[in-house]
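Take a look at the structure set out below.
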Amino acid sequence: MMSVVDNYLPVAMLTIVGVAFVFIAFFLSRLLRPSVPSAVKSDIYECGEITIGDTKIYHNVQYYLYAIAFLIFDVEMIFLYAWAVQFRELGFVSFVEMFIFIGILGIGLVYLVKKEALEWIQ
Amino acid sequence: MTQTIYDNIVYLLSLVGISFGDSIVPKIIIVLFIAILILVEVSLMVMFFTWMERKVLGHIQVRRGPMITGPHGLLQPIVDGIKLLTKEDITPKRADKWLYFIAPLIVFVPSILVFIPMPFGQGAIVSDLPVGILYIMAISAISPVGVLIAGWASDNKYALLGSLRAVAQDISYEIPMVLTVIGVVLITGSLSMQDIVLAQGEKTWFVFLQPLGFIIFLIAAIAEMSRIPFDLHESESEFVAGFFTEYSGMKFAFFFLAEYAHLFGISAIMATLYFGGWQGPLIPGIPVVIMSVGWFTIKVLAIVFFTIWLRGTVPRVRVDQILSIGWKVMIPLALLNLFITGLLVAGGVL
């Protein structure tokens, strides 16, 4: 019988190995690479032009709309996974119930599209 | 219970007379060894993919690709690695130092973690997690966070816009992708990757049972891997190099590595979900483990070849087109696929 620890020990171990690999590679590269910093070199690269203004300004609200719409559907999908695994036991009634749920979300998606919330305006 | 790589190593050790009870130290050493094995395997595959991409693209464009380093340029990836290792690593003075440093880490580590529940062959799986496919989807959703951090920390307008676009695209296509996977889960009734492969041995490859689902998954997968025609965030003509414009040296190398590890990961998921994973006709006389790993590798390479072929053939799609296809076509189609699959499973057809 495999325990939870046995199952997830490789996940923890591979995380450690992956992080260690990145640090070892950075360290090796620090030993090998040249380092000749200069003012021009550490400037922001914007096609050779001198950077104008600040980068951290207010952004288009568009990005947040995408994020919120994504969040709604992502949470929905967690329900769907639990439902899909047990689907054969739950039977046809659960199918109808689930699609009433999806239908309500679908109305939301239609509303988003009609409101042009998902148009890319630039 | 599924046989794992760990079980096989313990079995091989017991053949040469080494055995241990429930002590924890040898167990951790073996798991550590497996983790390093996975890292090496992914790195080797990534090196092969970069070589293959150059070669295939070269031949598509009636060139020969790299020819000088080794036979047919086979040593090219090693030379590239040495070049990146010895290259100067510049941190822009306006950048957020810590976030700038940590972003490649956040992008790279999840891209190798997806291989934990991946059945490479019969008995060649690191850990058959009961939540397999859900784990993979959850882990691969971490990378966009790293991408956003990279764009923000660079303090470069191109990098920031590139990362915002990349994340918008990633999250838009994650929904149809995860929705189509539910179709497969409905048929198998299990989230474990090994069970999904075995179910395809009993029935048939899911690409035949889920044709619509497969097409949606393929398109979404190409968008998730950010390959042409959906490689917006690094469209050179608009954004220089997208979110890693400012990165150089080893930090750039890790973004590069993560991108190809992602390509490997998603191709492997596709092979497992829709093409029967490691299953294939066996040749008598050759051990099953070797045959199954061979079949799996062949399927993955075929999918990778397809994406490279696509890159050599089709032009890039515009950003507003990509996002409106994602929300207005892909998600309704994915829901339709779920509806049909659910009906068929409830009706006892599948």
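All chains are named by letter (A, B, ...) in the order of the sequence lines, taking the proteins before the strands, and each is independently numbered beginning at 1.
- Contacts between A/Ala69 and chain B at a heavy-atom distance below 4.5 Å involve backbone atoms as well as side-chain atoms.
- With a threshold of 4.5 angstrom between heavy atoms, A/Tyr66 approaches chain B through its backbone and through its side chain.
- Within 6.0 Å of the CZ atom in B/Phe33, the count of heavy atoms belonging to other residues, nucleotides or ligands does not exceed 12.
- Side-chain atoms of A/Arg88 never come within 3.5 Å of backbone atoms of B/Thr188 as a donor-acceptor pair (strictly under, hydrogens ignored).
- Heavy atoms closer than 4.5 Å to chain A are found in the side chain of B/Ser172, but not in its backbone.
- B/Val345 is not listed as a side-chain neighbour of A/Phe92, based on a closest heavy-atom distance of 4.5 Å or more.
- Contacts of A/Phe21 with chain B are made by both backbone and side-chain atoms, with heavy-atom separations under 4.5 Å.
- With a 4.5 angstrom heavy-atom cutoff, B/Tyr6 does not touch chain A via any of its atoms.
- In terms of heavy-atom pairs under 4.5 angstrom with chain A, the leader among B/Ile175, B/Ile90, B/Thr86 is B/Ile175.
- Contact count against chain A (heavy-atom pairs under 4.5 Å) is highest for B/Leu129 among B/Ile112, B/Leu129, B/Val42.
- Top candidate by heavy-atom pairs under 4.5 Å with chain A, chosen from B/Asp89, B/Ile38, B/Leu84, is B/Asp89.
- A heavy-atom distance below 4.5 Å is found between the side chains of A/Asp74 and B/Glu174.
- Here CG of B/Leu186 is found 10.5 Å from OH of A/Tyr81. Values are rounded to the nearest 0.5 Å.
- When the shell of 6.0 Å around CZ of A/Phe27 is examined, it contains 12 or fewer heavy atoms from other residues, nucleotides or ligands.
- To the nearest 0.5 angstrom, A/Met13 atom CE is 13.5 Å from B/Leu39 atom CG.
- Here A/Val17 is the residue among A/Ile16, A/Leu32, A/Val17 with the most heavy-atom pairs under 4.5 Å with chain B.
- Atom CZ of A/Phe73 sits about 7.0 Å away from atom CG of B/Leu335, to the nearest 0.5 Å.
- With rounding to the nearest 0.5 Å, the separation of CZ in A/Arg33 from CD in B/Glu88 is 7.5 Å.
- The part of B/Val109 that comes within reach of chain A is its side chain, from C-beta onward, which places non-hydrogen atoms under 4.5 angstrom from that chain.
- The closest donor-acceptor contact from the side chain of B/Ser127 to the backbone of A/Asn7 lies under 3.5 Å.
- Within the 4.5 angstrom heavy-atom criterion, atoms from both the backbone and the side chain of A/Leu9 approach chain B.
- Between B/Phe254 and A/Phe26, the two ring planes are perpendicular [angle over 60°; tilted spans 30° to 60°].
- With a threshold of 4.5 angstrom between heavy atoms, A/Phe70 approaches chain B through its backbone and through its side chain.
- Counting heavy-atom pairs closer than 4.5 Å to chain B, the top-ranked of the candidates A/Ala84, A/Gly91, A/Ser94, A/Gly18 is A/Ala84.
- Rounding to the nearest 0.5 angstrom, the gap separating the CG atom in A/Leu112 from the NZ atom in B/Lys328 is 10.5 Å.
- For A/Phe23 and B/Phe101, the gap between ring centers is short of 6.0 Å.
- At a 4.5 Å heavy-atom cutoff, the contact between B/Leu257 and chain A is made by side-chain atoms alone.
- Here the CG atom belonging to B/Leu32 is positioned 10.0 Å from the CG atom belonging to A/Leu14, to the nearest 0.5 angstrom.
- With chain A as the partner, the residue from B/Leu338, B/Thr91, B/Thr341, B/Ile34 showing the most heavy-atom pairs under 4.5 Å is B/Leu338.
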